[in-house]
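Worksheet for the structure shown next.
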Amino acid sequence: MLLNSVMEEKSNKILEVLLSSASATEILTGKVLGVAMLTLSVLVVWGGIGTFGLLSASPQTAATVGQVLMHDGLVFYFIAYMVGGYLMYAVLFAAIGAFCETPRDAQTLMGPIMMILVVPMLVMQMALTSPDAPVVKVLSWIPFFTPFLMSARAPSDPPLVEIVLTLIGMFATAALMVWIAGRAFRAGALSDVKLSWKTFGRAITGRG
C-alpha cells in the first residue's frame with residue numbers, strides 16, 4: 001500500500017505539491033502512521049467479528065484462547081514484534097516508492113526484499129513445531145526475521161533474555177531503517193533518476 005501510494009503520487013506530481021507544504025520526514029511519518037491506523041482498524045473489525053463468533057459458538061474455547069493469549073503477557077510480545085516488524089518494512093517500501101513512477105521501476109529493489117521475506121516463511125513451520133531448533137534460534141536473532149520467528153517461538157516460553165535482546169535488536173534496526181528511509185525518501189521524492197542499488201545508496205549517504 002505504501003509503495004503503490006507513493007509511486008502514484010510521484011507519477012502524478014502530487015508528491016511535489018505535498019513537499020511544498022510539508023517536509024519529507026512529515027510526509028513519510030504521516031504515510032506510515034496512516035497505513036498503520038488503517039491496518040489496525042481492519043484488524044480490530046475482523047478481530048471483533050471473530051471474537052463475537054467464537055463467544056457465541058463456543059464460550060469455553062473463547063475463554064481458553066483468552067487465557068493462552070494473556071499467559072505470561074504473550075499478546076504483548078505479539079504486539080511488540082508486530083510494531084517493530086511493521087516499522088522496518090513499511091518505511092523501506094515507502095522510500096523505494098519515492099524513486100519509482102511505475103511498478104516496473106520498483107522491481108529493481110523489490111526482488112531482494114521479497115527474498116528476505118521468504119526466508120522466515122520457509123522455516124515458520126519448524127519454528128512452530130520445534131521452536132528450539134538451532135536454525136530457528138539463529139535466524140530469530142537476525143532483526144529482519146525476528147518479528148516472524150520470535151512471534152512463532154513466543155508460546156514455547158523462550159528465555160526472557162532472548163526476548164529482551166531480540167526486541168532491542170529489532171527496534172534498533174527499525175530506528176536505523178527509519179533514518180535510512182528518511183534520507184532516501186527525501187532524495188527520491190524530487191528526483192527523476194532511475195532507481196538502482198547505486199542511486200539508492202547515494203541517496204542514503206548523501207552523495208547525490
Side-chain angles (χ1 to χ4, degrees), residues 1-8 28-94 97 103 110 113-133 135-137 139-171 173-175 177-178:
M1 290 172 66
L2 281 166
L3 180 67
N4 289 331
S5 68
V6 175
M7 275 196 304
E8 184 178 347
L28 179 61
T29 303
K31 284 188 170 297
V32 170
L33 291 178
V35 172
M37 292 299 102
L38 173 61
T39 304
L40 183 62
S41 299
V42 173
L43 288 174
V44 167
V45 170
W46 282 106
I49 293 172
T51 302
F52 177 77
L54 190 60
L55 284 170
S56 301
S58 179
Q60 230 172 359
T61 303
T64 303
V65 171
Q67 288 174 357
V68 170
L69 288 175
M70 295 307 298
H71 176 67
D72 292 334
L74 189 61
V75 67
F76 300 109
Y77 293 139
F78 287 156
I79 293 172
Y81 286 117
M82 181 179 70
V83 170
Y86 173 78
L87 277 176
M88 278 194 296
Y89 288 103
V91 293
L92 184 58
F93 283 125
M110 284 295 292
I113 294 172
M114 296 311 295
M115 288 176 65
I116 291 174
L117 287 169
V118 164
V119 174
M121 297 297 105
L122 293 176
V123 297
M124 185 65 74
Q125 186 62 36
M126 185 188 298
L128 293 170
T129 57
S130 305
D132 294 324
V135 65
V136 175
K137 277 191 169 184
L139 289 176
S140 64
W141 282 88
I142 300 174
F144 290 105
F145 305 150
T146 297
F148 308 97
L149 299 182
M150 284 305 294
S151 293
R153 291 183 61 205
S156 65
D157 292 327
L160 182 61
V161 65
E162 284 192 38
I163 293 174
V164 172
L165 291 179
T166 55
L167 281 172
I168 291 173
M170 181 185 64
F171 278 103
T173 303
M177 293 305 299
V178 169

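Because the structure is predicted, anything quoted here is derived from the model rather than measured.
Applying the side chain to side chain donor-acceptor pair (under 3.5 Å) rule to Y81 yields the partners T166; only residues at least two apart in sequence or on another chain are considered. Under the rule for a side chain to side chain donor-acceptor pair (under 3.5 Å), the partners of T61 that lie at least two apart in sequence or sit in another chain are S58. With sequence neighbours excluded, no residue satisfies side chain to side chain contact (heavy atoms under 4.5 Å, CB included) with P59. Contacts of N4 classified as side chain to side chain contact (heavy atoms under 4.5 Å, CB included), with partners at least two apart in sequence or in another chain: M7. Under the side chain to side chain contact (heavy atoms under 4.5 Å, CB included) criterion, F144 pairs with M88, Y89, I116, T173, M177, not counting sequence neighbours. Every residue two or more places apart in sequence or in another chain that forms a side chain to side chain donor-acceptor pair (under 3.5 Å) with S140 is listed here: R153.
Side-chain contact check for F78 versus P155: some heavy-atom pair is nearer than 4.5 Å. Annotation: side chain of P158 is not in contact with side chain of K137 (no heavy-atom distance under 4.5 Å). Side chains of V6 and F93 form no contact here, defined as non-hydrogen atoms less than 4.5 Å apart.
Among residues at least two apart or in separate chains, salt bridge (Lys or Arg N to Asp or Glu O under 4.0 Å) pairs with a member in residues 31-46 are E9-K31. The stretch residues 78-88 participates, sequence neighbours left out, in no salt bridge (Lys or Arg N to Asp or Glu O under 4.0 Å) pair at all.
For the atom pair F145 CZ and M170 CE, the distance stands at 14.5 Å (nearest 0.5 Å). Rounded to the nearest 0.5 Å, atoms OG1 (T146) and CD1 (I163) are 12.0 Å apart.
Between V32 and L2, the shortest heavy-atom contact is N-CD2, 4.1 Å.
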Result block: side-chain N/O donor-acceptor pairs under 3.5 angstrom for residues 34-55, not counting sequence neighbours:
{"residue": "T39", "atom": "OG1", "partner": "V35", "partner atom": "O", "Å": "2.8"}
{"residue": "S41", "atom": "OG", "partner": "M37", "partner atom": "O", "Å": "2.8"}
{"residue": "T51", "atom": "OG1", "partner": "G47", "partner atom": "O", "Å": "2.7"}

Taking distance alone, no hydrogens or angles, what donor-acceptor pairs closer than 3.5 Å link side-chain atoms of residues 119-133 to residues at least two apart or in another chain?
{"residue": "T129", "atom": "OG1", "partner": "Q125", "partner atom": "O", "Å": "3.0"}

query = Should M82 and Y77 be marked as a side chain to side chain contact (heavy atoms under 4.5 Å, CB included) after you check the CA-CA gap, both sets of side-chain angles, and the distance that decides it?
reply = CA-CA 8 Å; M82 181 179 70; Y77 293 139; over 6 Å; no

